[in-house]
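Each chain gets a letter, A, B and so on, in the order its sequence line appears, and its residues count up from 1. Every heavy atom of this structure was used, including side-chain atoms; hydrogens, water molecules and symmetry mates were not.
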Amino acid sequence: MADFGGTDLEAFRTEAREWIAANFPASLKGKPNPMAVEERMKPDADQEAWRKAMGAKGWGTPTWPKQYGGGGLEPAQARIVQSEINRAGAYNPIGGMGVMMFGPTLLEYGTEAQKQEHIPPIVKGELQWCQGFSEPGAGSDLASLSTKAVDKGDHFEIDGSKIWTSGAQWADWCFCLVRTDTSKKHEGISFVLFTMRQPGVEVRPIPLIAGSSPFCETFFTSARAEKKDLVGPLNGGWTIAKRLLQHERSGLTGAGGGLGGGGKPLEQLAKDYVGVDEQGRIADSDLRTRLVTNAINWRAFQQTAMRAMMESKGNSGPSSATSIMKNAGTQLIQERQEMTLEIMGHQGLGWEGEDFTADELGAVRGWLFGKAFTIFGGSQEVQSNIVSKRILGLPDLTQNH
Amino acid sequence: MAVLTEEQSMLRDAAKSWVQEKSPVTAFRKMRDSGAELGYDAAAWNEMAEMGWAGVIIPEEYGGSNFGYLSLGLILEELGRTLTASPLLASGLAAASALILGGTDAQKSEWLPKIAEGTVIGALAIDEGAHHAPDRIATTFKDGKITGKKTFVLEGMAAGIIIVGGVGPDGAGLYLVRGDDKGVKRTRLSLADSRGAANIEFNGAAAEPLSGGAALIEKVLDRARAGVAAEMLGSALQAFETTLDYLKVRVQFGQVIGSFQALQHRAAKMFTDLELSRSAVEAALAAIDADSPDTPELVSLAKAKMGDTFHLVSNEMVQMHGGIGMTDAHDAGFYLKRARAAEAAFGNQAFHRDRYARIQGY
Ligand SMILES: Cc1cc2nc3c(=O)[nH]c(=O)nc-3n(C[C@H](O)[C@H](O)[C@H](O)COP(=O)(O)OP(=O)(O)OC[C@H]3O[C@@H](n4cnc5c(N)ncnc54)[C@H](O)[C@@H]3O)c2cc1C
C-alpha cells in the first residue's frame, strides 16, 4: 500500500467525493439513516440502492480487509470517507451490532471459513446481528450466565433465556454466550452463532421508558447452533466476549460516534430558549456556568480520544483507555441531555402532540433513552471497577466470583 | 420530621393509609394507560375531597379545616410517594391560597366552599413561555377583561376557576376567571409525567381582580412552590426506598449489590440529601404558617434543595436498577419523568438559587 502522505490523501479525497457524488441518491440527502431510526421501516428503492453501492464498495466497513469485502482502507482514508459522507449530506447505511462489535471480533478470532461465511453479509448490510449476552440473573456479573448448550454431535442444543437483547425482533443472527461447562464459571462459557430464524427462538419486545421497544426478552427452547459456528475453542468464549465488549465500549464512547450528541449547539439552544443579557451572554448565569463546564470537559474528552488514537497507531483494536472513555463520554452526554431539557423548560416536558416541536419531543425521548448509556455495554460502575482493578492495580473484591 | 400536633399526626396517618391502600403506583399506571383526559382519577379525587383534604388550608367559615400549610404538606408528601395525580396542589393549595389572601368576602364565599368540597377545581396560570418568569407577565387586564396566553397551567383542563396573572392599570396582579367563560380556550398538553396540564388562551375573558397586586403573585407562588416541594419530598423518599430495597435483594457476583461500597456510599449520600431536604421543606411550610417575613428565601431554599435531591435520586433509581430500571413496566421511569416536571414547576433549581442569592444580596 502507498505511503499515505498529504498528496495521496488529497487524491483519495477527490476519489471518494466523486464516488459518493456518483452513487448517493439525491433524494436521500439530509435524511436520517434508516439504521438509526428505532422503529425499523422497509427501506425504499433509493435507500436500498445506496446500501448496495456502499456494501459492494466495502466503504461501510472501510478498514475491514478486502478479502472479506471490506474497504481495505487505512484509518486516515476511512476518516476521509466519513467526512466526505457527511459533506454530501449522506449517511453510512452499513451498521448495527455486526459492524460495531461482532465483525471486528470475528475477524480476530474466527476461522477462515467463519470469516468467509459471516463477514461479507455484514459488509453488505444484508444480515443484522443481535447480542445474546445478558440474562435475568447475569448482568454486570455476565460470567454467571446459565443459558446452556449441549453437544448433540453435529450441533449444540441451546436452552435458556436472554434479556435486554437489543434489536432481537429485527435480527437475522445472534452471537451468543452459552454455558458448556457447569463446573467452572468463566472457563465454562462458549461463544456460538446461530440464526434467529428458527423454531426454537422466541422474541418478546420490552417497552422502554422512552416509549419505544428496541429490546427484547429472548427465549431458546432446543434451539440449534451448528458446530461450525462455535467461535474459538469450546469453553474459551469468555476471552472472546471480553474482546467484543471492548469493541462495544469503544463504539459507545461518543468518540466513536455511537451515542451521537449532534443537533444544534447547546449554547445556541440556550440563547434561543432562555434569552441573553445586555452583553449577549446566556441570561441564566447558573445554567451558563454548567454549560461551559460541560463544554470544556467535552473538548478535553475529544482531545483525549484523539491522543489515544495517535498513541495506539500501529496497535489494532481498542486499548484499555476505552474504559475511561466510556464513562467520561457517556456522563458528558447525559449531562448535555439533562441540560437540553432544562433549557427547553416547559417545552422540554412533552410526550407527544402538536404543542411541542419535533426537536422538543426528540429531546425528551433522547434524554430518557440516554439513561441506558451508563447501564449497557458494561455499566458505569463496572467500568470504574475495571479501571480500579486493571489500570490502577487496586484489589478486586469480586474476584472470587 | 417536624414536631406534629395531634391533628397533624392523624392527618398524616390517614393520608398514609389511604395512599397505600387506594392509590399505590399501580393506580397511577392505570390512569396513565387509560389516557385519562384530566390527568387524574376523578373517583380518587372525590375520596380525597370527602376526607377534607381539599380544605386543609381553607378557614372553617368557608368549609375548610384551617389546619395550615404544614398539614397540607404532610398529605402532599404521602401522595407524592406513590405519584398520586390529583388537583390538590393546583386547587386546594394554589388557587385556594390566592382567594384566601386576595379574595373579597363575596369571592371567598362563592368559591372557597366549593374548592373545599372538591366540586370546583381551581388552577393558577402565571407562566407564559417555556420558563417560569413571574416578573415578565404580558397578559393584560382592562375594563374587566383579560387577554393573553398562559402555558403549562397545572390542572388547566379540569379548572372551573382560573387565577390568572395579568397586568392592569395599577400594575401586575391576580385575576379570577371562570373556566366556562367564552373567552377561555384551552389546549390539553400531553406531558412526559402524564399529569394534567393545559395551555390556555384568554381572549377578553371576564375577570375579577383580587387585591394584593404583584406581592400577592409572589405570596401565592411561594405557597405553590412549597407545596410542590412537599410532594417532591414524598416522591424522592419513595424512589430512594424502592432503590434501597433493590440494593438489598439484587444479587450479582454472588452477593447483594448493596454490599458494594461504590453503591453504599451513594445511598448514604442520597439519605443525607433527603434529610437536608426534609428540613428545608418543613421550614418553608412552617414559615408560611407563621406568615414569617423570611418565607420567600426559605421557599427558594426548599425548592432548590429539594429539586437537586429529587433529580439525583431519580437518576440513581434508574442507574442502580440497571436494565430493569429502563423498562416501562418498572416504576423508576415514572419517578424520573415526574422529577423533571416537578423541578420545572414554579421555578427550577437555577431560578431558585438565583432568587435566594438576590434576596440575600449576593
Ligand atoms: C437499552 C439497553 C440495551 C441493551 N442491549 C443489550 C443487548 O443487546 N445484549 C445484551 O446482552 N445486553 C444488553 N443490555 C443489557 C446490559 O448489558 C445490562 O443491563 C448491564 O450489563 C447491567 O446488567 P443488569 O441490568 O442486570 O444490572 P445489574 O448488574 O443488576 O446492576 C444493577 C446495578 O448494580 C451495579 N453493580 C453491579 N455490580 C456492581 C459492582 N461490582 N460494583 C458496583 N456496582 C455494581 C450496576 O452498575 C447497576 O447500577 C442492554 C441494556 C439496556 C438498558
Side-chain angles (χ1 to χ4, degrees), chain A residues 134 136-144 163-164 206-211 213 215 273-275 284-287 290 334 338 341-356 360-361 364-365 367-369 371-372 374-376 379-382 384-385 388 397-401, chain B residues 32 127 129-133 136 151-152 187-195 197-199 250-255 257 259-263 266 311 314-315 317-330 332-334 336-337 340-341 343-345 348-354 357:
Chain A
S134 306
S140 298
D141 184 14
L142 180 59
S144 67
I163 196 162
W164 326 128
I206 309 172
L208 214 59
I209 58 174
S213 178
F215 63 10
Y273 277 86
V274 179
D284 178 342
S285 64
D286 186 306
L287 171 68
R290 285 177 285 128
Q334 287 180 340
E338 289 284 1
L341 241 60
E342 182 181 339
I343 287 166
M344 291 176 169
H346 301 328
Q347 293 302 117
L349 295 169
W351 189 247
E352 56 195 13
E354 288 162 10
D355 305 283
F356 304 97
E360 288 164 350
L361 295 172
V364 174
R365 306 292 177 123
W367 160 71
L368 287 166
F369 187 76
K371 297 299 168 195
T374 45
I375 295 172
F376 60 41
S379 71
Q380 159 193 294
E381 291 76 16
V382 164
S384 291
N385 287 344
S388 309
L397 286 177
T398 60
Q399 64 191 351
N400 298 329
H401 291 276
Chain B
R32 185 217 43 182
D127 295 339
H131 289 274
H132 183 60
R136 275 181 279 151
T151 56
F152 206 68
T187 320
R188 176 176 177 261
L189 296 175
S190 171
L191 299 179
D193 71 343
S194 308
R195 294 287 186 97
N199 286 345
R250 171 66 172 167
V251 172
Q252 288 289 276
F253 304 99
Q255 51 202 306
I257 58 173
S259 64
F260 301 125
Q261 284 190 336
L263 303 187
R266 275 152 59 192
H311 190 97
S314 58
N315 275 339
M317 184 181 199
V318 175
Q319 180 66 27
M320 290 190 179
H321 278 85
I324 192 104
M326 284 299 296
T327 64
D328 185 69
H330 194 272
F334 290 163
L336 186 66
K337 293 166 184 170
R340 295 309 173 275
E343 286 172 59
N348 64 12
Q349 290 90 293
F351 177 94
H352 285 289
R353 280 192 288 264
D354 181 60

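Only the side chain of B:R353 has a heavy atom closer than 4.5 Å to any heavy atom of chain A. With a 4.5 Å cut-off on non-hydrogen atoms, B:A262 does not touch chain A at all. When heavy atoms are compared at a cutoff of 4.5 Å, A:L349 approaches chain B by way of both its backbone and its side chain. For B:D354, no part lies under 4.5 angstrom from a heavy atom of chain A. At a 4.5 Å heavy-atom cutoff, the contact between B:L263 and chain A is made by side-chain atoms alone. The contact between B:T327 and chain A is made by backbone and side chain atoms together, counting heavy-atom distances below 4.5 Å. Heavy atoms closer than 4.5 Å to chain B are found in the side chain of A:E338, but not in its backbone. Proximity to chain B is absent for every atom of A:R365, based on heavy atoms less than 4.5 angstrom apart. With a threshold of 4.5 angstrom between heavy atoms, B:F260 approaches chain A through side-chain atoms but not through N, CA, C or O. For B:R195, no part sits under 4.5 Å from any heavy atom of chain A, backbone or side chain. Contact of B:H330 with chain A is not made at all, since no heavy-atom distance falls under 4.5 Å. Contact of B:R250 with chain A is made through the side chain alone, with heavy-atom distances under 4.5 Å.
Using a 4.5 Å heavy-atom threshold, the side chains of B:M326 and A:W164 count as separate. The closest side-chain heavy-atom distance from B:F152 to A:D355 is not below 4.5 Å. Counting heavy atoms from C-beta outward, B:F253 and A:S140 have side chains that approach closer than 4.5 Å. Inter-residue side-chain proximity for A:E360 and A:Y273 is flagged as met; some heavy-atom pair is nearer than 4.5 Å.
Per-residue heavy-atom pair counts under 4.5 Å with chain B were compared for A:V274, A:D284, A:I343, and the maximum is reached by A:I343. Each of B:N315, B:V318, B:N199 has some count of heavy-atom pairs under 4.5 Å with chain A, and the biggest count is that of B:N315. Comparing A:Q380, A:R290, A:Q347 by heavy-atom pairs within less than 4.5 Å of chain B, the highest count is held by A:Q380. Ranked by non-hydrogen atom pairs under 4.5 Å with chain A, the options B:A192, B:G333, B:A133 are led by B:A192. Contact count versus chain A (heavy atoms, under 4.5 Å) is highest, among B:Q349, B:H311, B:E343, B:H132, for B:H311. Per-residue counts of heavy-atom pairs under 4.5 Å with chain B were compared for A:S144, A:A372, A:S379; the largest is that of A:A372.
Side chain of B:T151 to main chain of B:G129: a donor-acceptor pair is present (N/O by atom type, distance under 3.5 Å, no hydrogens or angles). Judged purely by atom type and a 3.5 angstrom limit, A:K371 has no side-chain atom pairing as donor or acceptor with the backbone of A:A210. Looking at B:Q252, its side chain does come within 3.5 Å of a backbone N or O of A:D141 through a donor-acceptor pair.
Here the closest non-hydrogen pair linking B:A341 and B:D193 is CB-OD2, 3.1 Å.
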side-chain contact (heavy atoms from CB on, under 4.5 Å) between A:L368 and B:K337: does it pass, once the steps are laid out?
CA-CA 9 Å; A:L368 287 166; B:K337 293 166 184 170; 3.6 Å; yes
Give the intermediate values and the outcome of side-chain contact (heavy atoms from CB on, under 4.5 Å) for residues B:F351 and A:D286.
CA-CA 9 Å; B:F351 177 94; A:D286 186 306; over 6 Å; no
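A side-chain donor-acceptor contact under 3.5 Å links A:E381 and B:Q319.
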